[in-house]
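The structure appears below as structure tokens.
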Amino acid sequence: MEPRPLAMTKRLLLAAVTLSVAVAATLTKAPEHRLQAPDAVIAQANPPRHELAPETLPFHRERWLSPEGYTRSVHCSMVSLLPDGNLIAAWYGGQREGSGDVAVFTARWNAGNDVWSPPQRVIDRAQAEFELDRPVKKLGNTVVFPDQHGTLWMVYVSVMVGGWSGCSLNIKASLDSGQTWGESQRLSLNPYMNLSSLVRSRPVYASDGRIGLPIYHEMALKYPQVLWLDAEPKGQLRSYELRSLSAESELLQPVLVPLGQDRMLMLLRDGRPERTLRTAFSRDNGWTWSPTAPTSLPNPDAAVDAVRLRDGRILLAYNDATAGRDSLRLAVSTDAGATWTPGPVIEHEPKREFSYPSIVEDSRGRIHVTYTWRRERIKHVEFNAVWLDQATLQPRSLAQR
Amino acid sequence: MNDLPSTLLHPIALTSVLWLTLNGITARILGRPIGPRLQAAWGLVSVGLLFVPVGPVSLGRWVESFFPNPSLLGIAFALALLWRNLTQRELLRPADIRALLAIAAIGGSLLYLNPLWGRAVDFYYFGWRNGPAIWTITALALFLLAVGNRVGVVLTAALAAFAMSTLESENAWDYVVDPLIWLVALGTFGLRAAAAIRRRWTEGGAQKAGVEATGERRTEAVASVPRSAPADL
């Protein structure tokens, strides 16, 4: 039996209910951001910090971040500057990439005593299952970063089914700079049953306190996105929203570099046959982007990282090849990413892997690069701008190390 | 681990689908509609299945993990089918069903195929916060209610669910459409289109056969065949 059409009185009543619900939804949800306004955000590479006078003598040092044999395989380190001037690094390790025993580790570098703490196991598969209240097959890429309130945030990848394209992102907060962590919260980020959102790079910070975390989508088509997080004090996440960037497909792992005056540079890993590091530019704080353009630098479908130094130059760490990750090198741009000058080679050994660099500049002007060393350990290279200038002038001799 | 579902929407959706599936399979095996007692038994079984352990969690929670955002259009569609199955009465009229599937097909295509169009317009973005999605859904609901279509009520329910954040998602579009109802809508319209084409093809073939059988060339009959019919192609 077919129901009768709605009576007019019912229609009017339901229309009133609909309008009331719409008003309630508008009032209960956070206001929409107007990113189009040129002065609405931007865009510092790191939160405000106390800065010291630059050094005048060259400095360069290498050391290990992860102890030898701590886990059989390690990958995907990320180093971040804390508000107190110390550093924190995060990476994942286990039997191999994608195995069920992979856990996320962090270590802290204390500027006072100049040492890395022993690794701290923050979360593993079983703990993630418990905190997220759902099956978890494996863990992956992780980033850590502070917000303006002093809360330290961790965003990490978890996979429920399949490979990395079947993963989703989770977030947790620490109120004591990474000593202890709160429970994980799953972020629901895309309409594809919330699958295939990944993270790799550090965020940018808006002047209104929001955090713009570059992430990327990998299922079917690969493309960059920015996840805007609105954090409250005490480690509470007020809201979040995701914006897909209008870049071409098969470009992933975006790195955002604020250039000042509402301009932003994006560097992209190239998953296409061209195998060239690509860049895009924004003049409105990352709301809209130019078409991507190839740089003069190769990219073997591998992650890069870049940071704007206090002297205005942009420092890039990348794999200097179109295939393989056996050469890790620095490059410098003095014209906001338009052109690049290859610099010193950090690592080069045929058929070995040196990959996934992460760069940060500390309050003394020291530059810290962490990266995957043969998938066995996470290495930490520290140098200053004076060393960088000298090494950039004679990159070939340094490459022979 | 907490084994309880996050909201009532998930168990309602999953129970409906399980119940419909069990009823359908049994009717197919028996070759006749099943009685109310067996239907009630399958209902209880469907609810019980939600608590069957799958690894560290229950089946209900496991499905919720993989399908965190069942849309209100999808739930309404499943409930309408279930209601018809149980009571032999319609919860939604054919016009309501058509509107529901049309919204799912168009809305889902805009959302899920957006990356194929270059992402110049990011439709999913409009669903965050109190963005344009709220008033787009409101306008659509008001229009449907004005013409007496019950899907307007479903859209109002989706808005209410969004306002109360009853699903994992904080995006309004996820409360309206999900990939499953989108695929069901595309499949339904695809089958209808295929049936229409086949019917026209058959009609065209029959007319042609009629001409050959009588040996007469009846131009007026040929002219009445629509231009788009396969007989003309």
Side-chain angles (χ1 to χ4, degrees), chain A residues 1-8 10-12 14-15 17-33 126 129-136 160-161 168 186-195 217 220-221 223 225 228 230 239-249, chain B residues 1-3 54-57 61-62 64-69 88-94 111-112 114-116 118-120 122 124-125 128-132 134-135 137-138 141-142 145-146 148-150 152-153 155-156 159-160 162-165 167-174 177-179:
Chain A
M1 187 188 299
E2 188 174 309
R4 286 176 297 178
L6 291 171
M8 189 52 71
K10 279 187 181 174
R11 294 183 201 184
L12 289 172
L14 286 167
V17 171
T18 302
L19 283 170
S20 306
V21 170
V23 170
T26 306
L27 294 176
T28 53
K29 297 296 173 182
E32 186 190 8
H33 280 123
E129 271 190 348
F130 178 80
E131 292 182 9
L132 295 169
D133 200 17
R134 66 191 66 228
V136 172
M160 284 197 304
V161 61
S168 49
R186 193 161 106 126
L187 299 169
S188 191
L189 297 179
N190 65 59
Y192 309 103
M193 304 206 308
N194 196 26
L195 294 176
H217 183 86
L221 293 176
Y223 52 89
Q225 301 171 307
W228 288 100
D230 207 346
S239 64
Y240 58 87
E241 62 188 329
L242 185 71
R243 178 150 170 81
S244 295
L245 304 180
S246 54
E248 294 90 319
S249 297
Chain B
M1 203 176 304
N2 178 14
D3 218 19
V54 179
V57 295
R61 184 69 192 143
W62 190 83
E64 185 183 338
S65 301
F66 285 96
F67 194 61
N69 300 310
Q88 310 303 316
R89 290 181 171 189
E90 300 290 349
L91 199 60
L92 299 175
R93 297 172 304 145
L111 284 177
Y112 307 133
N114 198 172
L116 296 176
R119 301 178 298 284
D122 186 359
Y124 195 61
Y125 179 81
W128 296 108
R129 299 171 170 268
N130 61 5
I134 291 178
W135 291 100
I137 297 166
T138 304
L142 290 175
L145 289 173
N149 196 300
R150 284 174 161 74
V153 180
L155 293 180
T156 303
L159 274 178
F162 172 62
M164 294 185 287
S165 300
L167 297 177
E168 186 179 86
S169 174
E170 284 293 325
N171 191 298
W173 298 128
D174 288 325
V177 64
D178 63 62

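Computation of the quantities below employed the complete heavy-atom set of this structure, encompassing side-chain atoms and omitting hydrogens, waters and symmetry-equivalent molecules.
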#### Entry: Best-contacting candidate, B/Gly148, B/Pro68, B/Pro94, against chain A by heavy atom pairs under 4.5 angstrom
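Option with the top pair count is B/Gly148.
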### Between B/Phe67, B/Trp173, B/Trp135, the one whose heavy-atom pairs under 4.5 Å with chain A are most numerous
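With the most close heavy-atom pairs to chain A, the winner is B/Trp135.
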### Query
Contact part of A/Thr28 toward chain B, heavy-atom cut-off under 4.5 Å: side chain, backbone, both or neither?
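A/Thr28 touches chain B through side-chain heavy atoms alone.
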### Message
Between A/Val136 and chain B, with a heavy-atom cut-off of 4.5 Å, which part of the residue counts as in contact: side chain, backbone, both or neither?
### Response
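It is neither, since no heavy atom gets under 4.5 Å.
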Which value, rounded to the nearest 0.5 Å, describes the distance between [X] atom [atom1] and [Y] atom [atom2]?
{"X": "A/Leu242", "Y": "B/Glu170", "atom1": "CG", "atom2": "CD", "value": "13.5 Å"}
{"X": "B/Leu145", "Y": "A/Thr18", "atom1": "CG", "atom2": "OG1", "value": "5.0 Å"}
{"X": "A/Thr26", "Y": "B/Arg129", "atom1": "OG1", "atom2": "CZ", "value": "13.5 Å"}
{"X": "B/Asp178", "Y": "A/Tyr192", "atom1": "CG", "atom2": "OH", "value": "13.5 Å"}
{"X": "B/Tyr112", "Y": "A/Asn190", "atom1": "OH", "atom2": "CG", "value": "10.0 Å"}

### Message
I'd like to check the side chain to side chain donor-acceptor pair (under 3.5 Å) partners of B/Thr138; sequence neighbours left out, ordered by chain and number.
### Response
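Applying side chain to side chain donor-acceptor pair (under 3.5 Å) to B/Thr138 gives none.
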### Task
Please name all residues satisfying side chain to side chain donor-acceptor pair (under 3.5 Å) with B/Arg93, sequence neighbours left out, ordered by chain then number.
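Side chain to side chain donor-acceptor pair (under 3.5 Å) list for B/Arg93, sorted by chain: B/Asp96.
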Validation row: [X], [Y] side chains within 4.5 angstrom (heavy atoms):
{"X": "A/Met193", "Y": "B/Asn69", "value": "no"}
{"X": "A/Asn194", "Y": "B/Ser169", "value": "no"}
{"X": "A/Met160", "Y": "B/Ser65", "value": "yes"}
{"X": "A/Leu19", "Y": "B/Leu142", "value": "yes"}
{"X": "B/Asn171", "Y": "A/Pro191", "value": "no"}

### Query
Can you check whether A/Ser244's main-chain N or O pairs, donor with acceptor, with B/Asp122's side chain at less than 3.5 Å?
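Judged by distance alone, yes, a pair lies under 3.5 Å.
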### Query
Between the side chain of A/Lys29 and the main-chain N/O of B/Trp128, is any donor-acceptor distance below 3.5 Å?
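Not at all, since once roles are kept as given, no pair shorter than 3.5 Å links the two residues.
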### Query
Side chain, backbone, both or neither: which part of B/Leu167 has a heavy atom under 4.5 Å from chain A?
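B/Leu167 has no heavy atom closer than 4.5 Å to chain A.
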#### Entry: Residue B/Ala172 versus chain A: region with a heavy atom under 4.5 Å
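Contact with chain A is absent: no heavy atom of B/Ala172 under 4.5 Å.
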### Message
Under a 4.0 Å threshold between the charged nitrogen and the carboxylate oxygen, would A/Arg134 count as salt-bridged to B/Glu64?
### Response
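Looking at A/Arg134 together with B/Glu64, the answer is no, because their closest N to O distance does not fall below 4.0 Å.
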### Query
What residue in A/Ser20, A/Ala7, A/Ala220, A/Ala25 has the most heavy-atom pairs under 4.5 Å with chain B?
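The residue among A/Ser20, A/Ala7, A/Ala220, A/Ala25 with the greatest pair count is A/Ala25.
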### Task
Might you point out which heavy atoms bring B/Ile134 and A/Ala22 nearest each other, and give the distance in Å?
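Result for this residue pair: CG2-O, 3.8 Å.
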### Query
Any chance the side chains of B/Tyr125 and A/Glu241 put a donor and an acceptor closer than 3.5 Å?
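Present: a donor and an acceptor within the cut-off.
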